[in-house]
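Scroll down for the structure; my scribbles are underneath it.
On a predicted model such as this, the values are computed, not experimentally measured, just so you know.
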Amino acid sequence: MLPDLLTWIWSPTWSAGNLPLHVQSTGGSCQAHQHPFHELVVVASGAGRHRDAAGDSALCSGDVLLLHPHAWHAYPDGDGLRIYNCVFQPEVLAAIPALIADLGPAAGLLFRRHSHPATRPPLRLRAVEHERRELVRLLEVMILERNSGAPGWRSALLAVFVQVLVLIGRLATPVVGGATLPSDELLDAVRRWLTERFRDPMPSLPSLATRFGLSPGYLSRRYSSRTGLGVVAHVHHMRIEEACRLLIAEDDPVTEVAMAVGFDDPAYFARIFTRLVGCPPKTYRQRTRVTG
């Protein structure tokens, strides 16, 4: 089978109009449709909605979707939505087994299979700004190569596609010391670490990610997905919960309560408290003590 596949991939008839691999940039709305190949979607800019078997969801710059064959989807509307579509057959890479093996997590994204694909929502990932820019740059290079027809354009197209897949795979799975680790265990470790130290000065996201061997973008995306809150928001919630306890149980001034739970700016503490609790700290103390 492999020689036949090689012949198919490198056939002279494998032209810009007859590709097992195609990429384009589009915008605006699109009615529901499905197709027999994989589709990678990168939102380059703007905002809009994506509709699939799971319902409607918001789209914004940096969102990445991977749709498996025969899954239907649509873009009901868009506000300047600009996306890149890369449609492909995984077999386009099967002629190079070593390459497939080296892709690691990205290979798993390519060869997912579902018993009822039409009802399955796409895999959704999130690219931070520098990752989004790099994906857009690579996809633009693929478009240029496809349109150029220059000598070696097919090899160049495949080579850049591999770079895209590597980057997508890194969005999906953290790598520490060259080995893939169970992400949920790492994220639980981050949460425990923050729970024990939420009163301490808040570390920057890059320094926290480095401590646990994760990329800042991956930590931000997966922590929000697992806990329902971003890293900073989770710390704020823990601090405000403790502040509520102190305001009820102790008579310390509000400024001291703010310092005790990790805020060095009482005004900022008051803003966060009011946003999360619905009233200023002094009002909360008065109300709880009256009702108590």
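Between His234 and Tyr223, the angle of the ring planes lies from 30° to 60°, which puts this pair in the tilted group. Between Tyr268 and His236, the two ring planes are perpendicular [angle over 60°; tilted spans 30° to 60°].
A heavy-atom distance below 4.5 Å is found between the side chains of Phe269 and Pro281. Using a 4.5 Å heavy-atom cutoff, the side chains of Asp63 and Cys60 are in contact. Counting only heavy atoms from C-beta outward, the side chains of Val41 and Leu66 never approach each other to under 4.5 Å. The side-chain heavy atoms of Cys86 and Leu139, taken from C-beta on, include a pair separated by under 4.5 Å. Between Leu208 and Leu194 the shortest side-chain heavy-atom distance falls below 4.5 Å. Two residues are said to be in side-chain contact when any heavy atoms from C-beta on lie closer than 4.5 Å; Ile168 and Leu135 meet this criterion. With a 4.5 Å cut-off on side-chain heavy atoms, His73 and Arg51 do not count as touching. Between Arg82 and Val43 the shortest side-chain heavy-atom distance does not fall below 4.5 Å.
The closest donor-acceptor contact from the side chain of Ser207 to the backbone of Pro203 lies at 3.5 Å or more, if one exists at all. Using modelled atom types, one side-chain atom of His237 and one backbone atom of Ala233 make a donor-acceptor pair closer than 3.5 Å.
Shown here is Met202, whose CE atom has more than 12 heavy atoms of other residues, nucleotides or ligands within 6.0 Å.
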Give the C-alpha distance, both sets of side-chain angles, the deciding distance and a yes or no for side-chain contact (heavy atoms from CB on, under 4.5 Å) between Ile240 and Ile272. CA-CA 8 Å; Ile240 298 305; Ile272 297 297; 4.0 Å; yes
Check against side-chain contact (heavy atoms from CB on, under 4.5 Å), Leu40 and Asn85: CA-CA 6 Å; Leu40 170 67; Asn85 303 82; over 6 Å; no
Stepwise side-chain contact (heavy atoms from CB on, under 4.5 Å) test for Leu247 and Val254: CA-CA 8 Å; Leu247 287 168; Val254 169; 4.2 Å; yes
side-chain contact (heavy atoms from CB on, under 4.5 Å), that's the test. Do Val231 and Ser220 meet it? Break it down for me. CA-CA 7 Å; Val231 172; Ser220 177; over 6 Å; no
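Within the model, atoms CD of Glu250 and CZ of Arg285 stand 8.5 Å from one another, a figure rounded to the nearest 0.5 Å. Considering CG of Leu67 and NE2 of His38, their distance stands at 10.0 Å, rounded to 0.5 Å. Atom-to-atom distance recorded for Glu256:CD and Asp251:CG is 11.0 Å, nearest 0.5 angstrom. A distance of 8.0 Å separates OG of Ser148 from CH2 of Trp153, quoted to the nearest 0.5 Å.
Ion pairing of Glu129 with Arg133 is present here, as a side-chain N (NZ or NE/NH1/NH2) and a carboxylate O approach within less than 4.0 Å. Here Glu242 pairs with Arg199 in a salt bridge; the nearest charged N to carboxylate O distance falls below 4.0 Å. Between Glu140 and Arg137 there is no salt bridge, since none of the side-chain N atoms of the basic residue sits less than 4.0 Å from a carboxylate O of the acidic one.
For the pair Arg239 and Phe263, the cation-pi test (distance below 6.0 Å, angle within 45°) is passed.
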